[in-house]
Amino acid sequence: NHLIRQNQGRRIAVLVNDFGAINIDVQLIASHDGDTISLTNGCLCCSLAAGLHTVMNSLLERDLPPEHIIVEASGVALPHVIGQYGHMPGFRLNGVVVLVDAETIRSRVRDTYVGKTVLHQLSGADLLVLTKTDLIPEEASTAVRAWLRAISANTRIVAADHGDLPPAVVLGMSSDGSERGNGADSSQEEGHAVDYDTPSLHLRHQIDEDALRAAIAELPEGILRGKGIVWLAGDPERQTIFQLVGKRWSIKQGEPWSDRRPAGTEIVFIGLPGSLEGVQLAPLFSAP
């Protein structure tokens, strides 16, 4: 609901097993046609009754296809397996996000029937979103974070109070690699409990791919998102598109450099407050 309300002009399709369980704001609903609810802000909510593959392809064939598709899996699904649908032609897997109930997660892992499934869900996530932290003392929340780090060492963790998480953290920046709204600065998203840091990197020299990989490995834990254009030494004539969500990151070949987009590296990151304290990005990415 929060992502739909705070879509910031993005066309978002939300796919769920039963959208009747989602209490969409009445004033947002433009029409209800079979297994699809059309919203006034350009978003859609679709039921998965016809199957995920079928629904995703039908969205791709729309006159105005969505910019983002969010699949809300059932509580006993394996999200990282469902995420493989993101490799279908015409799609790109952005990331696997798993919500963690801070109050009950450890007891769920010990459950005879669902414990192993819960562990698989946690280990398959690129980003863990800690929920219901308002229901437990601060020291208990700290303990849960430490426990999660022990079983999912490389996975980023971020807290969401009452589902209030900036869309930029979940969806990233604009689909063309540019910084939406002058830097995708999440501080512009009104009403959030946390103002996320949005540092940016601007370099005018080529980056070796090994140096790029080393720099990404050295990014602090608090960095949740990254997106931009890289001037890669191995392919200097074309842009290289860089994307990062949690522990998942990718690079792919983009368009040739042009007068409108001269050669250079420009990346915007989204991180928890203070996540880059004492860390200089430029030297990190300029490492030999």
Side-chain angles (χ1 to χ4, degrees), residues 8-13 56-57 59-62 64-69 83-96 126-127 154 156 167-186 197-220 223-271 276 279-288:
Q8 296 182 312
R10 297 175 174 95
R11 297 188 306 277
I12 300 172
M56 287 178 65
N57 276 327
L59 290 171
L60 196 63
E61 294 168 358
R62 294 177 69 92
L64 199 61
E67 296 173 88
H68 303 272
I69 294 178
Q84 299 313 302
Y85 281 88
H87 298 302
M88 290 167 48
F91 297 92
R92 176 182 57 80
L93 176 61
N94 199 312
V96 177
D126 298 311
L127 182 66
N154 297 320
R156 305 291 199 261
V169 173
V170 180
L171 303 177
M173 278 63 77
S174 59
S175 58
D176 63 359
S178 64
E179 299 90 355
R180 180 183 294 272
N182 189 26
D185 187 344
S186 57
D197 287 346
T198 55
S200 58
L201 177 70
H202 303 273
L203 298 175
R204 288 292 170 256
H205 59 262
Q206 297 177 16
I207 298 179
D208 179 78
E209 185 171 340
D210 288 339
L212 176 66
R213 292 178 179 275
I216 294 168
E218 292 296 321
L219 287 174
I223 296 296
L224 309 173
R225 273 278 182 186
K227 187 166 185 177
I229 308 295
V230 177
W231 190 10
L232 205 60
D235 190 8
E237 302 302 319
R238 303 178 72 94
Q239 304 170 29
T240 297
I241 312 301
F242 167 73
Q243 312 236 19
L244 177 145
V245 54
K247 66 181 181 181
R248 179 188 300 275
W249 66 274
S250 65
I251 54 174
K252 69 175 184 178
Q253 190 180 69
E255 298 293 323
W257 300 108
S258 64
D259 292 339
R260 187 179 67 86
R261 173 81 78 170
T265 293
E266 296 183 1
I267 303 175
V268 174
F269 295 96
I270 301 175
L276 280 172
V279 178
Q280 297 296 318
L281 283 173
L284 196 63
F285 281 79
S286 300

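These figures come from a predicted structure and were not determined experimentally. Side-chain atoms are counted along with the backbone in the values below, which use heavy atoms only and exclude waters and symmetry mates.
Checked against side-chain hydrogen bond (donor to acceptor under 3.5 Å, both in side chains), R248 has the following partners two or more places apart in sequence or in another chain: D126. When the side-chain contact (heavy atoms from CB on, under 4.5 Å) test is applied to L60, the partners found at least two apart in sequence or on another chain are F91. With sequence neighbours left out, E209 forms a salt bridge (charged side-chain N to carboxylate O under 4.0 Å, His left out) with R213. Every residue two or more places apart in sequence or in another chain was checked for a salt bridge (charged side-chain N to carboxylate O under 4.0 Å, His left out) with R260, and none qualifies. For N57, the side-chain hydrogen bond (donor to acceptor under 3.5 Å, both in side chains) partners are H53, not counting sequence neighbours. Listed by chain and number, the residues in a side-chain contact (heavy atoms from CB on, under 4.5 Å) with Q206 are W231, A233, P236 (sequence neighbours excluded). Applying the side-chain contact (heavy atoms from CB on, under 4.5 Å) criterion to A215, with sequence neighbours excluded, gives L284, F285.
In this structure the side chain of V268 reaches within 4.5 angstrom of the side chain of S200, judged on heavy atoms. In this structure, the side chains of F242 and K227 stay at 4.5 Å or more apart for every pair of heavy atoms. The shortest distance between side-chain heavy atoms of L224 and L127 falls below 4.5 Å. Side-chain contact between L212 and I251: present, with at least one pair of heavy atoms (C-beta onward) separated by less than 4.5 Å.
In Q84, the CD atom is crowded: over 12 heavy atoms of neighbouring residues, nucleotides or ligands sit closer than 6.0 Å. For CZ of R238, the number of neighbouring non-hydrogen atoms (other residues, nucleotides, ligands) closer than 6.0 Å is greater than 12.
Counted by atom type alone, D235 and Q253 present one or more donor-acceptor pairs between their side chains at under 3.5 Å.
With values rounded to the nearest 0.5 angstrom, L93 atom CG is found 10.5 Å from Q243 atom CD. Note that CD of E255 is 7.0 Å distant from CD of Q239, once rounded to the nearest 0.5 Å. Distance check, rounded to the nearest 0.5 Å: CG of L219 to CG of L281 gives 7.0 Å. Of the inter-residue distances, the one linking L244 atom CG with I267 atom CD1 reads 9.5 Å to the nearest 0.5 angstrom. Separation of atoms CZ (R156) and CZ (R225) is listed at 12.0 Å; rounding is to 0.5 Å. Separating the CD atom in E61 from the CG atom in L59 is a distance of 9.5 Å, to the nearest 0.5 Å.
One finds a salt bridge joining E266 and R261 here, because a Lys/Arg side-chain nitrogen approaches an Asp/Glu carboxylate oxygen to under 4.0 Å.
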Take Y85 and I69 through the test side-chain contact (heavy atoms from CB on, under 4.5 Å) and record every step on the way to the result.
-> CA-CA 11 Å; Y85 281 88; I69 294 178; over 6 Å; no
Quick one: do H68 and R10 satisfy side-chain contact (heavy atoms from CB on, under 4.5 Å)? Show the steps, please.
-> CA-CA 8 Å; H68 303 272; R10 297 175 174 95; 3.5 Å; yes
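A donor-acceptor pair under 3.5 Å links the side-chain atoms of D208 to the main chain of D210, judged by distance alone.
Minimum heavy-atom separation, G95 to V245: CA-CG1, 3.6 Å. Of all non-hydrogen atoms in R204 and T265, the two that sit nearest each other are NH1-N, 3.8 Å.
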